[in-house]
Amino acid sequence: MKLWKRNAIAAAIVLFVCGAVYLNWSYSQDTAAGKNLGEAALVGSQNDPLTQNTEDTDQQSAGEEGDQTTTTGQGSTYFSTARLNRQQARDNALSLLQEAAEDEKADQAAVDEANAAIQTMADYTMTEAQIENLITAKGYTDCVAFLGEDSISVVVSATENGMTDSDAARIGEIVMEQTGLSADQIKIIEAE
């Protein structure tokens with residue numbers, strides 16, 4: 001009975017984590033597409049005299065910021081795609097592990113191994129999210145982390161001056177603190 005409760009709790013945690021990752025991805029897709037929460041859209045004709053001056057100002061501003069918007073949009077697309085691909089791969093692996101754990105013909109060792117793998121996957125997901133949040137809290141625009149059994153790769157958005165040694169050290173410190181990995185097990189990549 002205790003094993004069933006533990007498995008149910010682990011499955012619920014994994015489902016909540018997957019749901020949170022999906023909602024985070026969904027939110028980032030909305031903001032990447034130019035939608036912001038609470039932002040209203042004006043519906044009407046293009047020749048509306050009340051919005052004529054605003055549209056002219058917006059077009060001038062967009063012309064001045066055109067290069068920055070394009071670069072940011074491409075970087076944002078990379079990070080969103082990377083997170084989506086990571087989540088899809090995890091979802092596929094998770095469904096296979098859940099099938100193995102729920103298989104009535106499987107011996108207890110196989111079920112325990114599947115449940116341990118599910119728990120490890122949930123731990124990786126939480127650790128990656130913490131690392132990504134801490135790195136963005138340090139002022140980097142965006143990042144995505146890929147945690148493996150004995151290594152991690154962190155892709156960070158490009159900065160204006162390029163990544164410096166102090167940037168790499170700051171990111172490496174965050175990763176070492178969260179994962180317990182050594183510096184030679186951490187790969188930091190600047191997205192272009």
Tell me whether Ile174 is reachable from Ile152 by hopping between hydrophobic residues (I, L, V, M, F, W, Y) whose side-chain heavy atoms are closer than 4.5 Å.
yes
How many angstroms lie between OG1 in Thr81 and CZ in Arg86, if you round to the nearest 0.5 Å?
12.5 Å
Set of residues satisfying side-chain contact (heavy atoms from CB on, under 4.5 Å) with respect to Ala82, sequence neighbours excluded
Tyr78, Val144, Phe146
Under a 4.5 Å cut-off applied to non-hydrogen side-chain atoms, are Leu96 and Asn92 in contact?
no
Who pairs with Gln108 by side-chain hydrogen bond (donor to acceptor under 3.5 Å, both in side chains), at least two apart in sequence or on another chain?
Asp112
Contacts of Met176 that satisfy side-chain contact (heavy atoms from CB on, under 4.5 Å) - sequence neighbours left out:
Ala183, Ile186
I need the full list of salt bridge (Lys or Arg N to Asp or Glu O under 4.0 Å) pairs touching residues 148-163, with sequence neighbours left out, sorted by first then second residue.
none
Please examine the side chains of Met163 and Ile189, heavy atoms only from C-beta on, and report whether any two atoms are closer than 4.5 Å.
no
Please, which pairs that meet salt bridge (Lys or Arg N to Asp or Glu O under 4.0 Å) have at least one residue in residues 166-176, sequence neighbours excluded?
Asp167-Arg170
Which donor-acceptor pairs under 3.5 Å do the side chains of residues 113-121 make with protein atoms, sequence neighbours left out?
{"residue": "Asn115", "atom": "ND2", "partner": "Asn7", "partner atom": "OD1", "Å": "2.8"}
{"residue": "Asn115", "atom": "ND2", "partner": "Val111", "partner atom": "O", "Å": "3.3"}
{"residue": "Gln119", "atom": "NE2", "partner": "Asp123", "partner atom": "OD1", "Å": "3.1"}
{"residue": "Thr120", "atom": "OG1", "partner": "Ala116", "partner atom": "O", "Å": "2.9"}

To the nearest 0.5 Å, how far apart are SG in Cys143 and CZ in Arg83?
6.5 Å
Just jot down the side-chain hydrogen bond (donor to acceptor under 3.5 Å, both in side chains) partners of Asp91, sequence neighbours excluded, or say none.
Gln87
Do Ile188 and Val155 have side chains that get closer than 4.5 Å, going by heavy atoms?
no
Approximate separation, where rounding is to 0.5 Å, of Gln178 CD and Met126 CE
10.5 Å
By side-chain hydrogen bond (donor to acceptor under 3.5 Å, both in side chains), Asn161 pairs with (sequence neighbours left out) none
Before accepting this row, confirm whether a basic side-chain N of the pair Glu99/Lys105 lies closer than 4.0 Å to the acidic partner's carboxylate O.
no
Could you pull out all residues at least two apart from Thr125 that satisfy side-chain contact (heavy atoms from CB on, under 4.5 Å)?
Val17, Val21, Arg90
Counting distance only, does the side-chain N/O of Ser151 pair as donor-acceptor with the main-chain N or O of Gly148 below 3.5 Å?
no
Quick one: list whatever passes side-chain hydrogen bond (donor to acceptor under 3.5 Å, both in side chains) with Gln185, sequence neighbours left out.
Ser182
Output all residues satisfying side-chain contact (heavy atoms from CB on, under 4.5 Å) with Asp165, sequence neighbours left out; order by chain, then residue number.
none
Contact summary for Phe79 and Ala191, nearest pair of heavy atoms:
CZ-CB, 3.9 Å
For the residue pair Val156 and Tyr140, what are the closest heavy atoms and their distance?
CG1-CD2, 3.7 Å
Any heavy-atom pair between the side chains of Ile131 and Leu147 that's under 4.5 Å?
no
